[in-house]
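Atoms considered below: every heavy atom in the structure, side chains included; atoms not considered: hydrogens, waters and symmetry mates. The chain is numbered in sequence order, starting from 1.
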Amino acid sequence: MKLNALGGAFMLGLCLCLTLPSKTQAGFVPFVIRGGSTTSPTINESGGTYEFLITEGGQKAALGSSDIDGYTLGSISKLSITRTDDFDRFSSGSGPNVAPYLNFWITDGAGNFAVVANEPSNAAFQSLYNNGSYDLDFADLSDKVAKIYETTDKSWLPSNGVGLTFGDLSGFKIQAPTVAELTAGWSGLGTGAPRELTTNIAYGVNWVFGDTLSNYVAGDPGYSVVGPQVAAVPEPGTLAIACMALLIPGLRRRRLRR
């Protein structure tokens, strides 16, 4: 009886620990998405600071992480990055001035994928940009316009993908397509999709640099960023399932002993 009581108390305590908010932190990987007509972006890393040299129109590179793939958009508790280059060289409020872009791969779990992106030059989104930094949670994103890219079929999305906010997509899972899925491709998937050039490796969360001729200044330093972070909190349902998985074997053993 004592052992059963102690075991039950232990399991209950473990479940209580599991139901406390717990964040999943993530790291980032730099990668090239697309080259220009003659060259590709250059990425330099030093002491946790990444410099992206976008020297030609069409070049595109990113920092990506798949460490919170499988979590929903709505579970994001932290997204942050800080620029250390002179962003004032670009006109105030322009895309390159308030870059990087924020991209997520999302899926419905039935083989459909899309990229959900912010538009940093959108006036509503610029309120989240503070002296070269973004420090966000999902509440900051929820009422902002969500642009849908990299798919022609949007029938699986709310309102067929039209007029959406991030809040409308809160229940969709962050999930990068596999190399095989990206290699096979689908209608609407373009060369600017956040996936690594030549390897087709993709990441669920991406900070993206470059893309157009206006997004660089010849001869100047590149985009320089430090401290990219992303974190998510498991949904209560996930935690409850984990608790039940721990408790059920103990309950079965007690029944058998009776």
CD (Glu56) and OG1 (Thr39) are apart, to the nearest 0.5 Å, by 4.0 Å
The reported gap from CZ in Phe104 to CD1 in Ile174 (rounded to nearest 0.5 angstrom) is 5.5 Å
Min side-chain heavy-atom separation Glu119-Phe125 under 4.5 Å:
no
- Task: Would you indicate whether Asn130, at its atom CG, is surrounded by more than 12 heavy atoms from other residues, nucleotides or ligands within a distance under 6.0 Å?
- Result: no
Smallest heavy-atom separation, Pro221 atom then Leu53 atom, equals C-CD2, 4.4 Å
* Phe52 and Tyr223: ring pair (Phe, Tyr, Trp, His ring centres under 6.0 Å), yes or no, with the steps? -> CA-CA 5 Å; Phe52 293 83; Tyr223 297 100; 7.8 Å; no
Only residue of Asp135, Val233, Val230 satisfying side chain to side chain contact (heavy atoms under 4.5 Å, CB included) with Lys78 is Asp135
Where do Phe138 and Ser170 land on the side-chain contact (heavy atoms from CB on, under 4.5 Å) test, with the steps shown first? CA-CA 9 Å; Phe138 192 75; Ser170 63; 3.7 Å; yes
Original post:
Short question: side chain of Asn118, backbone of Tyr101 - any donor-acceptor pair under 3.5 Å?
Top reply: no
Ion pair Asp211/Arg34, N-O distance below 4.0 Å
yes
Q) Same cluster or not: are Leu169 and Tyr149 linked, directly or through other Ile, Leu, Val, Met, Phe, Trp or Tyr residues, by side-chain heavy atoms under 4.5 angstrom apart? A) no
Of Asp168, Val205, Leu141, Ile106, the one forming a side chain to side chain contact (heavy atoms under 4.5 Å, CB included) with Leu73 is Ile106
Q) Would a hydrophobic clustering, with Ile, Leu, Val, Met, Phe, Trp and Tyr connected at side-chain separations under 4.5 Å, put Phe28 with Ile33? A) no
From the list Asn206, Val208, Val29, Val225, side chain to side chain contact (heavy atoms under 4.5 Å, CB included) partner of Leu63 resolves to Val225
Scanning both residues in full, the closest heavy-atom pair of Asn103 with Ala117 reads ND2-CB, 3.2 Å
Self-check item: Short side-chain to backbone donor-acceptor contact, Asp137 and Asp140, under 3.5 Å
Solution: yes
- request: Please state whether the rings of Trp105 and Trp186 are parallel, tilted or perpendicular, taking 30° and 60° as the class boundaries.
  value: perpendicular
- Query: If we only count heavy atoms from C-beta on, is the Tyr50 to Phe209 side-chain gap below 4.5 Å?
  - Reply: no
So CG of Asn112 and OG1 of Thr151: to nearest 0.5 Å the spacing works out to 6.5 Å
message = A side-chain contact here means heavy atoms from C-beta on lying under 4.5 Å apart; do Ile76 and Tyr71 qualify?
response = no
Closest non-hydrogen atoms of Asp85 and Gly222, given as atom of the first, atom of the second and distance, are CB-O, 3.4 Å
What one should report as the nearest heavy-atom pair of Ser155 and Asn160 is CA-OD1, 3.3 Å
Problem set entry | Common cluster, Ile68/Trp207, ILVMFWY with side-chain heavy-atom separation under 4.5 Å | yes
Here the gap from Tyr134 atom OH to Ser80 atom OG, rounded to the nearest 0.5 Å, amounts to 12.5 Å
Determine whether a donor-acceptor pair (N or O, by modelled atom type, separation under 3.5 Å) exists between the side chain of Ser159 and the backbone of Gly161. no
Note to self: In this structure, would Val116 and Leu157 fall into the same cluster of hydrophobic residues linked by side-chain contacts under 4.5 Å?
What the structure shows: yes
One should read off an interatomic distance between Lys144 NZ and Gln126 CD, to the nearest 0.5 angstrom, of 12.0 Å
Original post:
Sub-3.5 Å donor-acceptor pair from the side chain of Thr178 to the main-chain atoms of Glu181, do we have one?
Top reply: yes
* So Ser224 and Glu51, side-chain hydrogen bond (donor to acceptor under 3.5 Å, both in side chains) or not? Walk me through it. -> CA-CA 4 Å; Ser224 183; Glu51 182 185 43; 5.8 Å; no
### Query
What's the verdict on side-chain contact (heavy atoms from CB on, under 4.5 Å) for Val179 and Thr199, showing C-alpha distance, side-chain angles and the deciding distance?
CA-CA 7 Å; Val179 170; Thr199 70; over 6 Å; no
| Do the non-hydrogen side-chain atoms of Pro194 and Val115 ever get within less than 4.5 Å of each other? | yes
request  = Would you sort out whether Val145 and Lys147 count as a side-chain contact (heavy atoms from CB on, under 4.5 Å), showing the intermediate values?
outcome  = CA-CA 6 Å; Val145 172; Lys147 300 283 189 175; 4.2 Å; yes
pair Ser94-Asn97: side-chain heavy atoms closer than 4.5 Å: yes
Aromatic ring pairing Tyr203/Phe31, orientation class (parallel under 30°, perpendicular over 60°, tilted between): tilted
Checklist line | Check: Gly188 main-chain N/O paired with Thr152 side-chain donor or acceptor under 3.5 Å | finding: yes
Thr183 and Asn200 side chains, donor-acceptor separation under 3.5 Å = yes
Closest non-hydrogen atoms of Ser40 and Gly35, given as atom of the first, atom of the second and distance, are OG-CA, 3.7 Å
### Whether Phe87 and Tyr129 hold their rings parallel, tilted or perpendicular, with breakpoints at 30° and 60°
perpendicular
Joint cluster assignment, Leu102 & Phe113, ILVMFWY side-chain distance < 4.5 Å: no
On a heavy-atom basis, the closest approach of Pro158 and Leu164 is O-CD2, 3.3 Å
d(Leu189 CG, Arg195 CZ) to nearest 0.5 Å is 4.0 Å
